[in-house]
2 protein chains.
Amino acid sequence: MPGIDEKDKEILRILRKEGRITLTELGRRVKLSPASVKNRVEKLEKLGAIKGYSAIIDPAFLDEFVQVLFELKLSIDDKNVDVILRRIAKLENVQALYRRSGEKQILIRASFHNTDEVKEFAGMLKKHFGKNLERVEVTLIIDTFKECWVANE
Amino acid sequence: MPGIDEKDKEILRILRKEGRITLTELGRRVKLSPASVKNRVEKLEKLGAIKGYSAIIDPAFLDEFVQVLFELKLSIDDKNVDVILRRIAKLENVQALYRRSGEKQILIRASFHNTDEVKEFAGMLKKHFGKNLERVEVTLIIDTFKECWVANE
DNA sequence: GCTGAAATTCTGGAGTG
DNA sequence: CACTCCAGAATTTCAGC
């Protein structure tokens, strides 16, 4: 990676686990002034090293009682699919969306208030991908031990 | 959820997508004073509604070029397994760890510098679970469209 | 990358309904 | 009890070096 030194990496590692740490404290940790840290963080945001910041929320507090994983098998996976995936990624329900190796090449993690919403979401997937969608596997998340580098207790 | 009103939920929804938003701006959005918002956020942290905060980092900038999903099939899944899972969740490599329905009941997402580290991690899993571990399926993440509610561009 | 001053935000206590 | 207001503390920001 160009223009990234060990201190930048240290900043990234810290921010990943403590996203709301203060710039002053961050500076203390990596031995830089608050202003310098700010410059580096802004540089890292510009470069795309930092995509954004998120609070890890227990979905139950938002009445999202159904956490679901969708695994999709597509018969074709081209640029066209990319456009659809990008659109699906934008949906409020969707927490994560990956393309991966293996038979079921798309993995989606999403949150729902109830099972009707799950059905609706599955229907939406079918509509978007059409005949291209060979198989959908749905599993429920029972326990979350860690998420976004933040462990549960 | 007890003692959670619509404004609390709105705060959670905003923090999920903008983890580093200022309390003042957050107050403007939900129409509360900064002090009140702070009280609520602290309450939500105490209650466990907010588990933590995280920056979404492009792993390539940390030389983590190998993103992997492990799906484990365990023959027994009891309290003992919980202890092991909690220990695995603590590992630096591990970004996410879920228990889910279906045959392969454990899903782990982890980051590595190279494939040797993946092999090492797989060996560690075998050692921890022993005969209890019936099957491990490993897939590589090729593309991340969204993560922790933050979409890629 | 540092410094220092100004602007903004955060924090904790007293007061209000 | 949750909210507001307000003053002091801390942080962030922005200039110049």
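Only this structure's heavy atoms are used, side chains among them; waters, hydrogens and symmetry mates stay out. Just so it is clear: chains get the letters A, B, ... in the order the sequence lines come, proteins before strands, and each one is counted from 1.
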Visitor: If we count only N and O atoms by modelled type, under 3.5 Å, do the side chains of A:Ser75 and A:Asn132 hold a donor and an acceptor together?
Guide: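 Side chains of A:Ser75 and A:Asn132: pair found under 3.5 Å.
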Visitor: Would you call B:Arg20-B:Glu25 a salt bridge at under 4.0 Å N-O?
Guide: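 A salt bridge is absent here (no side-chain N lies under 4.0 Å from a carboxylate O).
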Visitor: Does anything in residues 29-57 of chain A reach DNA chain D, meaning a heavy atom under 4.0 Å, and if so which residues?
Guide: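 Those residues are A:Ala35, A:Lys38.
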Visitor: The criterion is side-chain hydrogen bond (donor to acceptor under 3.5 Å, both in side chains); which residues satisfy it with A:Asp78, sequence neighbours excluded?
Guide: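 For A:Asp78 there are no side-chain hydrogen bond (donor to acceptor under 3.5 Å, both in side chains) partners, ignoring immediate neighbours.
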Visitor: Whole Å only: how far is the CZ atom of A:Arg28 from the P atom of C:dG1?
Guide: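 In whole Å, C:dG1 P lies 19 Å from A:Arg28 CZ.
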Visitor: Not counting sequence neighbours, which residues clear side-chain hydrogen bond (donor to acceptor under 3.5 Å, both in side chains) with B:Lys51? List them please.
Guide: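 For B:Lys51 there are no side-chain hydrogen bond (donor to acceptor under 3.5 Å, both in side chains) partners, ignoring immediate neighbours.
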Visitor: Walk me through it: do A:Glu10 and A:Lys31 pass the test side chain to side chain contact (heavy atoms under 4.5 Å, CB included)?
Guide: CA-CA 11 Å; A:Glu10 193 54 31; A:Lys31 291 182 183 3; over 6 Å; no
Visitor: Distances under 3.5 Å only, N/O to N/O: pair up the protein atoms with those of nucleotides 15-17 of chain C.
Guide:
none

Visitor: Please enumerate all residues that pass side-chain hydrogen bond (donor to acceptor under 3.5 Å, both in side chains) together with B:Glu18, with sequence neighbours excluded.
Guide: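 B:Arg29.
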Visitor: How are the rings of B:Phe112 and B:Phe70 set to each other: parallel, tilted or perpendicular (split at 30° and 60°)?
Guide: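 Ring orientation of B:Phe112 relative to B:Phe70: perpendicular.
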Visitor: Considering only residues two or more places apart or on different chains, which pairs with a residue in residues 52-68 of chain B satisfy salt bridge (charged side-chain N to carboxylate O under 4.0 Å, His left out)?
Guide: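 Residue pairs with at least one partner in residues 52-68 of chain B: A:Lys9-B:Asp63, A:Arg16-B:Glu64.
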Visitor: Apply salt bridge (charged side-chain N to carboxylate O under 4.0 Å, His left out) to A:Lys90 and list each qualifying residue two or more places apart in sequence or on a separate chain.
Guide: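 Partners of A:Lys90 under the salt bridge (charged side-chain N to carboxylate O under 4.0 Å, His left out) test: none.
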Visitor: For A:Lys7, give me all partners under side-chain hydrogen bond (donor to acceptor under 3.5 Å, both in side chains), at least two apart in sequence or on another chain.
Guide: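 Scan of A:Lys7 (side-chain hydrogen bond (donor to acceptor under 3.5 Å, both in side chains), adjacent residues dropped) gives none.
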Visitor: Following the transitive rule for hydrophobic clusters with a side-chain heavy-atom cut-off under 4.5 Å over Ile, Leu, Val, Met, Phe, Trp and Tyr, establish whether A:Leu26 and A:Trp149 coincide in one cluster.
Guide: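 Hydrophobic grouping puts A:Leu26 apart from A:Trp149.
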Visitor: Any residue in residues 9-24 of chain A with a heavy atom nearer than 4.0 angstrom to DNA chain D? Just list them by number, or reply none.
Guide: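 Result for residues 9-24 of chain A: A:Thr22, A:Leu23, A:Thr24, sorted by number.
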Visitor: Let me test you: for the helix from C:dG1-D:dC17 to C:dG17-D:dC1, what is the angle between the axes at its two ends (five pairs each), rounded to 10 degrees?
Guide: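 Rounded to the nearest 10 degrees, the bend comes out at 40°.
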Visitor: Please collect all salt bridge (charged side-chain N to carboxylate O under 4.0 Å, His left out) contacts where either partner lies in residues 109-133 of chain A, sequence neighbours excluded, each pair once.
Guide: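 Every pair satisfying salt bridge (charged side-chain N to carboxylate O under 4.0 Å, His left out) with a residue in residues 109-133 of chain A: A:Arg109-A:Glu147.
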Visitor: Please name all residues satisfying salt bridge (charged side-chain N to carboxylate O under 4.0 Å, His left out) with A:Glu137, sequence neighbours left out, ordered by chain then number.
Guide: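 A:Glu137 satisfies salt bridge (charged side-chain N to carboxylate O under 4.0 Å, His left out) with A:Lys104, A:Arg135 only.
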Visitor: Rounded to whole angstrom units, what separation is found between the CG atom of A:Leu26 and the P atom of D:dT11?
Guide: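 Distance check: A:Leu26 CG to D:dT11 P gives 12 Å.
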